[in-house]
Every structure is written in C-alpha cells, then in structure tokens.
Amino acid sequence: MSGSANPIPMEAARSGPLRGVAEVPGDKSISHRALILGALSVGETRITGLLEGQDVLDTAAAMRAFGAKVIRQVPGEWSVHGVGVGGFAEPAQVIDCGNSGTGVRLVMGAMATTAITATFTGDASLNRRPMGRVTEPLALFGAQAHGRAGGRLPMTAIGAADPVPVRYVLPMPSAQVKSAVLLAGLNAPGQTVVIEPEATRDHTERMLRGFGAQIAVADTSEGRVITLTGQPELVAQDVAVPRDPSSAAFPVCAALIVPGSEVTVPGVSQNPTRNGLFTTLVEMGADLTFESPRDEGGEPVADLRVRFSGNLKGVETPPDRAASMIDEFPILAVVAAFAEGRTVMRGVKELRVKESDRIDAMARGLEACGVRVEESEDTLIVHGCGAAGVAGGATVESRMDHRIAMSFLCLGLAAQRPVRVDDGGPIATSFPVFEPLMAELGATIRRIEG
Ligand code: S3P
C-alpha cells in the first residue's frame, strides 16, 4: 500500500550505459534553511538554485503563513522579504508540512520563542514520525506543544512569551533537532548552547553566521559545542544553493552498477558533514573522482566523475560515519547488492524514524529482489550478489518515501529482471526532475499506466 490517494506506479528495466552530465537540483537542507532565515531577517534575501521540490514548497508556504513575503521570481530564483527575529505573525490556518520532517521541525523551532500559536500537520508518513525530539528541548525555552499520542502531528505549538536561553545536549545525532534549538535560540536573550556528541550537517550554523548571527563552534571532549548569542538582527543575504549530494547519490550509484556507464555530476557539495557515502563508495573500489574542488555559496563543492565499477567489494560503515550519510543508506544498500561480499552498515537506528522505517523498507525490498539481508535495531547487512547477480523482478513498496522509490528504480536499471515500485509519487518531494534527468542519461524508467 502506497498511502497516497493517487499512486504513480513505476518500473525500471536493465539499461544500456548511462552517459552524460547530471545536473541535480539544489540541496534540500540548505533550501529549507534559506527560506526560514530569509523570513527571520530584515530586508530582501535572494535565493538562487532553490530546490523546487514539494518539501521546500511547503516550507515556503509556511513562511508566508507566518508573515514573510516569499516570491518565486523565475524557476529556481526566489526572494524573501523577512519579518525579522521575533517578528513572526500568528498563522490564520493550519500549517501543512506535507512529507517533510525537516520543514516541520525547523519551523517549530523558529516560532517557539515568539508568543504566537500555530497548528502543524503533514501527510500520513509525517504524522507517524516523532516530534517529541523537538518539543522537549523547545519546552526548555518555555514553549508548549499539544499533539497526538506519542508526540505525533497534528500538533499545536504555543511559543514562549518570555523565553529563556537553553543549554541542550542532543540525545540523538539529528541536525533537525539541533537546528530547531538554534532557531528558537535566536529570539531568546543570552546564549543558547547546543552540544552534539556526534557532528551532524552544519548548514544552519554556516548560514546563521552568513546572516550575521554571532555563533561559535568548538570541538571539545564532550563533542561539538555550538554557542549562539540570542536576539541578533539578521541581515538579508544572497544565497546560492549548491547541488544536493543526497540527490547526486542516485545518478552516481546508478552509473556504478550499470555496465559501461560514465557520468559527471557537477557542483556537488563536499561538506564533510554530508559526504560519508562518497567516502564509502571509494572504499568499496568505486571509480569515482572529485574534480575542480572549489567553494560555492559558502559550501565546498566538486565535480563528481563516476564510471561503471564491476569489482565493488563489501565494506563496513562505522557508526561515527552514519550521520554524514544518513539519507544515503538506501542507495548504498542497492550498491552493496551489486558488490562482492558483505556490506555492514552500523549505527543506523535513526533510519527507523525517517519518511519510512528505512531498514525495514530496504530489507524487505532487497529480499523480494533476491538479495540476502540481515538486520538488527541498529544495523543493516547486505550480502552482495556481484555485478551481474541481482535478480530483481519484484514490485517494491515505496512507503511514501522518496529515497526508497529512487533506490529501487536504480536497482532495476542493473538487475536481471525489471523492478517496479508501487508509488513513485514521493520522488517529487526532493528530486522533481529525477525521471527526465535519468532518461537523459539513458535509464529505462517508465510510469505504468492504469
Ligand atoms: C536533515 C537532517 C537529517 C536528514 C534529513 C535532513 C536536515 O535528519 O535525514 O533528510 O536538513 O537537517 P535528522 O536531523 O533527523 O537526522
């Protein structure tokens, strides 16, 4: 069951070599943050390269509901006239964040220290996901939240009228929770401190600094200590969003497993808090090079050149790498199926609370495609079948999860028999041009009519 009223079943079949340049869209994490910080600053923020996926469009709508003027100038170019820190207005309607955990958690943080009330909801996937991980730290500022059992959406949040600053040690490696606390800290007096025992993506810290906030980051024996000085005046900026390494992962990994392929993906973020997949692929023996390293929009980027790699070896990914590739485990599991030997992914229990339980979704889907897997609460093990040994021939449930759908479509490009996903609709949340981009490279992916 896809969970969508209008599922879009899709099929991928064994393809000839993938060739060409894959210009993947803007980074989803950075796109959300650019809209939110634009809305919290004074003046006009201009954003180029914004990802126009549904998740980000829902955050744009949320920022309008809180009083910012958000305008799409031309495709990918947006402007945001902000209301300033503490300037959010009370939304007149329920805020629907669709499929996006990042959207709802960051926006909840951004409103938590302003004396307004807002009600949040999402789709069936988002309404199953835990929100206590943000409402608990936001309560320390003085905010309140009332939701369904287990801290689930729909949920009404009441911002603190007299917020106090907070010192918070993250109980799980989550950039969303870290960011919610930092965004709440913007409108609290004094210093808000977040300590993350394991480093997670640092786009919020980078961008806060870019918008003029005072933020210090120190690596200590406790972990990374981030100190934000509250109540700054954020100043509108021009933001150039780099391409999304999590989207780049799909054409890169497809090229690795489809014989004869050679693909270039230009301008992909090489931020060390995001590049664990590429490190892992190189360890597996992937023919992957990083060309023209440079800085774009405050993020390190490089052009990725990838060639079919028929001798991939299984590897172990250590728990301390998990955060830097948390969204890439589904597609890594696919690559692992085409490798020789076992790939062991450790420290991955956060995958259980993503858009779907991604350990379960990958394990069941891979088994249906003839691949042996083992799993525990915190580990996924894939027994590789070798470059030509994956059977395929199954219909896999995408479970309202874009990355599950794209991963199995990539698997179908190199499997012996075609692979179907019951619903490719969720792909539009993060990678709306996935189908034409993959077709342009030579991939055989089609929608199944009726
Ligand atoms: C994100 C953080 C990660 C990631 C998500 C995007 C972000 O989630 O899985 O897709 O933009 O901050 P967690 O914070 O739950 O680890």
Side-chain angles (χ1 to χ4, degrees), residues 25-37 50-51 53-56 58-59 97-110 122 125-126 128-137 151 168 170-184 194 196-208 224 226 241-242 244-250 269 271 273-277 299 319-332 345 347-359 361 378 400-404 406-407 426-427 429-431:
D27 190 276
K28 181 150 72 74
S29 293
I30 295 175
S31 295
H32 284 293
R33 287 156 172 82
L35 290 168
I36 295 170
L37 288 188
L50 188 87
L51 168 66
Q54 191 57 45
D55 280 8
V56 176
D58 288 336
T59 291
C97 291
N99 191 251
S100 182
T102 307
V104 71
R105 291 179 177 133
L106 268 56
V107 174
M108 272 193 189
S125 156
L126 187 57
R128 277 193 292 269
R129 297 178 67 185
M131 294 299 139
R133 54 176 57 201
V134 285
T135 56
E136 279 160 29
Y168 192 66
L170 287 182
M172 75 289 288
S174 168
Q176 293 175 359
V177 177
K178 169 177 67 176
S179 302
V181 175
L182 290 172
L183 292 171
V194 186
E196 48 175 7
E198 286 175 54
T200 65
R201 66 191 68 195
D202 60 356
H203 309 301
T204 303
E205 298 90 301
R206 287 174 187 252
M207 209 180 280
L208 277 169
R224 192 163 273 190
I226 304 151
V241 180
D244 196 326
S246 300
S247 296
F250 295 103
S269 171
N271 182 320
T273 62
R274 293 289 297 280
N275 69 357
L277 172 73
E299 297 272 335
D320 63 3
R321 192 185 293 165
S324 71
M325 56 184 296
I326 195 65
D327 292 334
E328 285 68 73
F329 283 105
I331 190 64
L332 175 65
M345 301 165 228
V348 295
K349 69 169 180 288
E350 276 294 301
L351 295 181
R352 297 215 179 262
V353 289
K354 296 293 176 189
E355 286 83 332
S356 67
D357 175 342
R358 286 181 173 162
I359 296 180
D378 201 22
M400 302 187 81
D401 189 329
H402 51 133
R403 299 199 199 281
I404 300 300
M406 289 187 280
S407 296
I427 294 170
T429 61
S430 70
F431 200 161

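Owing to the predicted nature of the structure, the values given are computational and were not obtained by experimental measurement. Just so you know, ligand 1 is whichever comes first in the structure, and atom 1 is the first atom listed for that ligand.
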### Query
Nearest protein heavy atom to atom 11 (O) of ligand 1, by residue and atom, and its distance?
S29 OG, 2.7 Å
### Task
May I ask you to decide whether E350 forms a salt bridge with R133, counting only side-chain N to carboxylate O separations under 4.0 Å?
yes
### Query
So do K354 and R129 actually touch side chain to side chain, heavy atoms under 4.5 Å?
yes
### Query
Is any side-chain heavy atom of L37 less than 4.5 Å from a side-chain heavy atom of L183?
yes
### Query
Are any of the N/O atoms in D327 less than 3.5 Å from those in ligand 1?
yes
### Query
Do any nitrogen or oxygen atoms of A175 come within less than 3.5 Å of a nitrogen or oxygen of ligand 1?
yes
### Task
Report, in ascending order of atom number, the atoms of ligand 1 lying under 4.0 Å from any heavy atom of P173.
16 (O)
### Message
Tell me whether ligand 1 is touched by S246 - counting only heavy atoms on the residue side and a distance under 4.0 Å.
### Response
no
### Query
Can you check whether R358 reaches D327 side chain to side chain, under 4.5 Å on heavy atoms?
yes
### Heavy-atom nearest neighbour of atom 12 (O) of ligand 1 within options H32, R33, H203
R33
### Task
Provide the number and element of each atom of ligand 1 under 4.0 Å from a heavy atom of T102.
1 (C), 5 (C), 6 (C), 7 (C), 11 (O)
### Message
Looking at ligand 1, is there an atom of it that comes within less than 4.0 Å of some heavy atom belonging to M172?
### Response
no
### Task
Check side chain to side chain contact (heavy atoms under 4.5 Å, CB included) between T102 and all other residues, then give those that pass, not counting sequence neighbours.
H32, R33, S100, L106, Q176
### Task
Before signing off on this row, confirm whether Q176 and ligand 1 have an N or O atom pair separated by under 3.5 Å.
yes
### Message
If you apply the rule side-chain contact (heavy atoms from CB on, under 4.5 Å), what do you find for I326 with R201, and how did you get there?
### Response
CA-CA 10 Å; I326 195 65; R201 66 191 68 195; 3.7 Å; yes
### Message
Can you name the atoms of ligand 1, numbered from 1 with element, that are less than 4.0 Å from a heavy atom of I326?
### Response
9 (O)
### Nearest-option assignment for atom 8 (O) of ligand 1, heavy atoms, candidates R358, K354, K178, R129
K354
### Task
Tell me, please, which residues at least two apart from P171 pass side chain to side chain contact (heavy atoms under 4.5 Å, CB included).
Y168
### Query
Among R403, K28, H402, R274, which one satisfies side chain to side chain donor-acceptor pair (under 3.5 Å) with S246?
R274
### Min N/O separation E350 to ligand 1 under 3.5 Å
no
